[in-house]
Amino acid sequence: MGEEQPEKRETWNRKIDFLLACIGFSVGLGNVWRFPYLCYKNGGGAFLVPYLICVVVGGIPLFFLEVALGQFMSEGGVNAWRICPILQGIGWSTTFIVFFLNCYYNVILAWAFYYVFASFTDKLPWEECGQYWNTLCCREVFGENSTSGLPALEDTNCTKFMDPTTEFWERKVLNISMGIDDQADEIKWDLALTLFVAWMVVYFCIMQGIKTSGKVMYFTATSPYLFMTILLIRNCLLDGSLKGILYYTVPDFEKITDIGVWVDAGTQIFFSYSISLGALTALGSYNEFHHNSYRDSLIFAFANSGTSIFAGFVIFSILGFMAKEQGIDDVGQVAESGPGLAFIAYPKAVSQMPGAPFWSILFFIMVILLGLDSQFVGVEGMMTAIFDTFPVLKKGYRREFTTAFMCFVMFLIGLCMVTNAGMYTFQLFDYYSGSRIILLVAFFMCIAIAYIYGVNRFYDNTEMMFGFRLHPYMWVSWLFTAPAFCMTVFCMSAVNYTELDYTRPSTGLYTYPDWAVTIGWCLAGVSAFWIPFYAVYNTIKYLCQGKSFIEVFKPQGLRTHQLREEDYARGEVAIDAGEGGRPGYDFDNPAFEKV
């Protein structure tokens with residue numbers, strides 16, 4: 001007799017829950033604070049050409065590959081890769097990548113919560129100088145009248161004047177030190193509290209798995225679009241907004257020949273489509289076996305890329321207003337990416353608007369909602385991998401306890417990013433833990449499915465799930481263009497690699513010490529380690545069990561409904577097989593009910 005009958009896997013309550021979860025996870029802060037900047041930096045509207053090519057060549061095929069794998073195997077990010085034992089380490093690599101991502105991503109939400117709380121006032125605290133955290137270098141107005149009644153720059157000890165928004169960010173919110181080894185043990189307890197609040201929100205959203213997170217998605221995945229629309233309408237009514245939009249959209253086709261533009265386009269796809277994090281495999285695993293995730297993947301691609309383009313109008317309309325107010329002709333001088341955009345440029349612009357506290361609260365609630373669903377789906381994906389590997393942990397109240405324990409562990413790690421040196425640690429995690437490794441992991445994903453498991457066999461499997469044959473576009477992509485895309489972008493990013501540094505608005509460029517860079521590479525190495533480790537481990541294990549070396553290349557753990565007639569002809573046996581190798585389970589019932 002075969003193995004004991006597995007229990008029915010939890011599935012989404014409604015079919016649309018899966019699509020909302022994918023949109024909520026992947027449409028996040030990168031769409032708002034990274035894509036618009038890259039679009040401006042790399043030729044405006046012309047950047048859409050390499051970006052959309054990368055979407056078609058790499059984004060959609062790789063996204064769908066992860067989702068389809070999870071749906072076919074009905075397993076999370078680790079166990080799903082039993083489909084290719086020699087590369088089963090891919091699952092643990094993606095789990096560690098998303099673990100590190102969860103640790104530092106929630107710190108961004110902690111900053112956003114801090115700004116929301118600080119905005120409940122008649123006057124935003126970053127509007128004027130004169131606060132206890134401000135220095136003599138603080139100036140509210142720049143230009144010809146900037147020193148009216150105040151000492152000139154040469155009469156002070158300042159190397160440059162700073163605006164109150166920047167000083168609020170650096171001196172009040174972060175209280176940033178001079179380096180990663182300076183005051184690294186001094187926790188900012190107000191930020192630690194907002195980080196704790198962020199983790200509590202995440203925990204209560206996912207403590208019962210997709211039963212709770214699926215419901216929350218209806219609000220967190222859709223409401224940011226309402227907030228962005230309101231902000232866009234308000235921004236377009238501001239003087240100078242049109243100038244900002246033109247800077248964002250007017251194409252400069254000469255830049256398309258620059259290799260850096262293509263690197264930026266390729267890496268943006270991995271950031272915005274959440275590829276190689278394992279969470280997409282987990283989300284797909286909660287689908288019914290015959291759910292049409294192919295259709296959902298195409299809808300997701302339009303929603304994700306469309307959101308990036310739409311967010312650019314929201315951001316650059318306000319930056320155009322900001323440039324007008326400061327008397328700057330080049331909007332590029334106020335355009336920033338990452339935390340600098342969300343926590344310096346936009347708050348500065350909002351402070352100049354009528355009803356500033358209201359618009360500040362609205363903006364940072366939007367930031368929280370964009371980041372929140374990305375965060376709890378990331379944690380859910382990690383927990384799915386843990387529960388599938390150790391199923392005893394999800395029985396009874398063990399699920400809630402285990403989830404709480406892992407959230408607490410990630411909270412403790414996040415504390416090192418809310419010290420006075422926390423921003424330097426945050427940048428270290430962001431730069432090394434997943435940025436280039438995900439490209440390598442995605443390459444091995446293509447190799448595992450297309451070349452080892454077999455692209456034709458996986459195509460047959462998708463036909464078993466969907467009831468129709470996929471367009472040859474996916475076949476060509478998985479076999480040729482997607483792995484070539486991953487390796488090309490990886491090689492180009494490796495060629496353009498520079499060691500991490502951090503540019504502070506007040507003091508300029510900070511170069512990380514060698515020991516910090518070593519820690520960064522260790523973070524990257526921990527994620528990459530599992531692929532070669534499991535290749536060796538599974539090979540030795542199979543040989544010690546008396547199996548031939550070729551067995552490590554054959555799928556393991558498949559059930560009746562996952563095998564074709566030709567698979568039986570090759571001697572493969574389902575793990576739920578009965579006597580004679582043919583179990584009495586209904587092919588069309590993925591719940592594994594006995595006939």
Side-chain angles (χ1 to χ4, degrees), residues 3-14 17-18 20-22 24-25 66-67 69-71 73-82 91-92 94-103 105-106 109 195-221 274 277-289 291 372-414 557 559 575 590-592:
E3 295 186 8
E4 184 180 351
Q5 176 80 347
E7 62 183 57
K8 179 176 171 62
R9 187 174 181 82
E10 188 178 17
T11 57
W12 301 105
N13 291 329
R14 299 176 182 84
D17 290 358
F18 166 71
L20 288 177
C22 289
F25 178 54
E66 286 201 61
V67 167
L69 174 66
Q71 181 172 321
M73 295 294 291
S74 294
E75 298 278 5
V78 172
N79 284 356
W81 287 102
R82 290 190 298 173
W92 283 112
T94 59
T95 301
F96 272 87
I97 290 172
V98 80
F99 171 76
F100 291 134
L101 174 66
N102 292 335
C103 291
Y105 197 86
N106 228 22
L109 298 185
L195 180 63
F196 181 76
V197 169
W199 273 114
M200 287 297 293
V201 172
V202 170
Y203 171 72
F204 283 113
C205 286
I206 67 165
M207 63 179 183
Q208 293 184 341
I210 62 172
K211 291 180 181 178
T212 52
S213 62
K215 294 181 177 66
V216 176
M217 285 290 181
Y218 281 91
F219 176 71
T220 57
S274 303
L277 300 180
L280 297 177
T281 307
L283 294 179
S285 72
Y286 294 120
N287 283 332
E288 296 286 354
F289 187 74
H291 177 74
L372 187 60
D373 46 12
S374 298
Q375 178 68 8
F376 64 65
V377 173
V379 177
E380 178 67 37
M382 183 192 72
M383 297 310 302
T384 298
I386 293 174
F387 291 140
D388 286 350
T389 306
F390 309 102
V392 67
L393 295 177
K394 64 180 178 181
K395 295 183 178 180
Y397 288 101
R398 295 174 187 173
R399 171 190 283 273
E400 287 86 347
F401 177 79
T402 305
T403 303
F405 175 76
M406 290 305 300
C407 286
F408 184 67
V409 169
M410 290 182 284
F411 165 73
L412 292 179
I413 295 175
R559 300 184 176 93
I575 63 171
F592 313 119

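On a predicted model such as this, the values are computed, not experimentally measured, just so you know. Counting begins at 1 with the first residue of the sequence.
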Expected output: side-chain [X] to main-chain [Y] donor-acceptor under 3.5 Å:
| X | Y | answer |
| --- | --- | --- |
| Asn106 | Asn102 | no |
| Gln71 | Ser285 | no |
| Asp388 | Asn79 | no |
| Tyr218 | Asp17 | no |
| Thr94 | Gly91 | yes |

Would you mind reporting whether [Y] and [X] have side-chain heavy atoms less than 4.5 Å apart?
| X | Y | value |
| --- | --- | --- |
| Val379 | Tyr105 | no |
| Trp199 | Gln375 | yes |
| Trp81 | Val78 | no |

State, to 0.1 Å, how close [X] and [Y] come at their nearest heavy-atom pair, and which atoms those are.
| X | Y | result |
| --- | --- | --- |
| Val377 | Ala21 | CG2-O, 4.1 Å |
| Gly378 | Val98 | O-CG2, 3.7 Å |
| Ser374 | Gly24 | OG-O, 3.2 Å |
| Leu109 | Ala198 | CB-CB, 4.1 Å |
| Ala385 | Thr389 | O-OG1, 2.7 Å |

If you measure from [atom1] on [X] to [atom2] on [Y], what distance do you get to the nearest 0.5 Å?
| X | Y | atom1 | atom2 | answer |
| --- | --- | --- | --- | --- |
| Met200 | Met207 | CE | CE | 9.5 Å |
| Glu400 | Thr403 | CD | OG1 | 7.0 Å |
| Phe25 | Ser274 | CZ | OG | 4.0 Å |
| Leu280 | Phe18 | CG | CZ | 7.5 Å |
| Thr384 | Glu75 | OG1 | CD | 10.5 Å |
| Ile386 | Leu393 | CD1 | CG | 8.0 Å |

**Item:** Met410 and Met382: CA distance, side-chain angles, deciding distance, side-chain contact (heavy atoms from CB on, under 4.5 Å) verdict
**Value:** CA-CA 12 Å; Met410 290 182 284; Met382 183 192 72; 3.5 Å; yes

**Parallel, tilted or perpendicular: rings of Phe100 and Phe96 (30°, 60°)** = tilted

**Request:** Measure up the Trp12 and Tyr286 rings against each other and bin them: parallel (under 30°), tilted (30 to 60°), perpendicular (over 60°).
**Result:** perpendicular

**Message:** Using ring centroids (six-membered ring only for Trp), state whether Phe196 and Phe411 fall under 6.0 Å.
**Reply:** yes

**Request:** Decide side-chain contact (heavy atoms from CB on, under 4.5 Å) for Phe376 and Leu372; before the verdict, give the C-alpha distance in whole Å, the side-chain angles of both, and the deciding distance to 0.1 Å.
**Result:** CA-CA 6 Å; Phe376 64 65; Leu372 187 60; 4.0 Å; yes

